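In what follows, residues are counted from 1 in the order of the sequence shown. Computation of the quantities below employed the complete heavy-atom set of this structure, encompassing side-chain atoms and omitting hydrogens, waters and symmetry-equivalent molecules. Small disclaimer: the values here were computed from a predicted structure and weren't measured.
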Amino acid sequence: MTLMKAIRLYEFGGPDALRYEDLPVPEPAPGEVLVRVHGTSVNPVDGKTREGVSRLRELPLTLGWDVAGVVAGLGAGVDRFSVGDEVLGLPRFPRAAGAYAEYVTAPAQELVRKPPEIDMVHAGCLPLSGLTAWQALVTTGSVGAGRRVLIHAAAGGVGHLAVQIAKARGAYVLGTAAADSHEALTGLGADELIDYRTTRFEDAAGEVDVVLDLIGGENSVRSLSILRAGGVLVSVPAGTTRDLSAAAADRGARWTDFLVHPDAAGLDGLAGLVRSGELRVVVCDRFALADTAEAHRASERPHALGKIAITP
């Protein structure tokens, strides 16, 4: 039996609950590929799952969803890829994917070819955060030229990608972020930035067409006050305190909560922006797979703009 290293969770808890151990290399089922993982990353849902407050409750469990790597095997019926192809994707979400490992299986239809313009470390930080931003702004928000877009938590893993996606589509981009991130976010395309520590965004943003709220709670409630008629407020899941549909409708706008899903077309859209130079992933820290517990600790502390990478 061929073995691989993986991060395993046997009980819910803090970062110390993560175990680095040997597991059998999985076999791809029909329609799946086996990927040798070269890059993955820490996302907020990883910590919530580790703590036992997510949708996944069955243990033991291998965490992780972001995948960038090389196709190492093909299940029956797969003609989309060949062994040796470099790929990236967000397999199975919100079901377990097991990406904190040296190998992972994934449905072929949930992967795309990795653009050569991005390396494996940065590609491994793109799928979940990038698709969250893409689906919220493009699919749900219909962001395009002339639209005013406000992105809360613009310096975060999703936020810094959302700034670039909105800008690439011709929007006027506003963001809330601490002042020490403003210069970097301006370099990524933000037109106007609001320091949430010193300024109420309601007093500075003016009216907007789309709000992407990556904070939730009362922040979503407050965001309704700046939404134009015909606009949309997109809130992250588990972030709002109550259903805001009626309150949004009173303004002639709409509110929706959000859950990202596997989306090859969205990944192709992100890959196109990477190839054109309009989208880059910022990695603020990088850890080996064996140090995943420390990566989780780092993710729970205030950290610089961008994503935390894990490299098996």
Do [X] and [Y] share a hydrophobic cluster (ILVMFWY, side-chain heavy atoms under 4.5 Å, transitive)?
X      : Y      : result
Leu126 : Val121 : no
Val71  : Met4   : no
Leu88  : Val104 : no
Leu63  : Leu56  : yes
Leu128 : Val37  : no

Below 4.5 Å, heavy atoms only, C-beta onward: do [X] and [Y] meet side chain to side chain?
X      : Y      : result
Val87  : Lys114 : no
Arg222 : Glu202 : yes
Trp65  : Thr49  : yes
Leu273 : Ile165 : yes

So which heavy atom on [X] is nearest to which on [Y], and how close?
X      : Y      : value
Ser223 : Leu233 : CB-CD1, 4.1 Å
Val143 : Ala171 : CG1-CB, 3.7 Å
Ala184 : Leu305 : CB-CD1, 4.1 Å
Ser181 : Ala155 : OG-CB, 3.7 Å
Ala253 : Arg228 : CB-O, 3.7 Å

Has the side chain of [X] got a donor or acceptor atom that lies under 3.5 Å from a matching backbone atom of [Y]?
X      : Y      : answer
Asp191 : Val173 : yes
His160 : Gly157 : yes
Thr140 : Leu137 : no
Glu278 : Gln164 : no
Arg147 : Gly141 : yes
Asp46  : Asn43  : yes
Glu102 : Lys5   : yes
Thr40  : Gly124 : no

Between [X] and [Y], is any side-chain donor less than 3.5 angstrom from a side-chain acceptor?
X      : Y      : answer
Thr105 : Arg92  : yes
Ser235 : Asp257 : no
Asp291 : Tyr20  : no
Glu27  : Tyr103 : no
Ser220 : Asp213 : yes

Sidechain N-carboxylate O distance under 4.0 Å for [X], [Y]:
X      : Y      : result
Arg50  : Glu300 : yes
Arg148 : Asp209 : no
Asp85  : Arg80  : no
Arg113 : Glu86  : no
Glu294 : Arg297 : yes

Are more than 12 heavy atoms from other residues, nucleotides or ligands located less than 6.0 Å from atom CZ of Arg286?
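No.
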Is it the case that more than 12 heavy atoms not belonging to Arg95 sit under 6.0 Å from its CZ atom?
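Check fails, neighbour count at 12 or below.
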Side chain to side chain contact (heavy atoms under 4.5 Å, CB included) partner of Val260, the single match among Val158, Val45, Thr132
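Exactly one pass, corresponding to Thr132.
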Ring centres under 6.0 angstrom apart (His152, Tyr196):
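Here the rings of Tyr196 and His152 have centres that are no less than 6.0 Å from each other.
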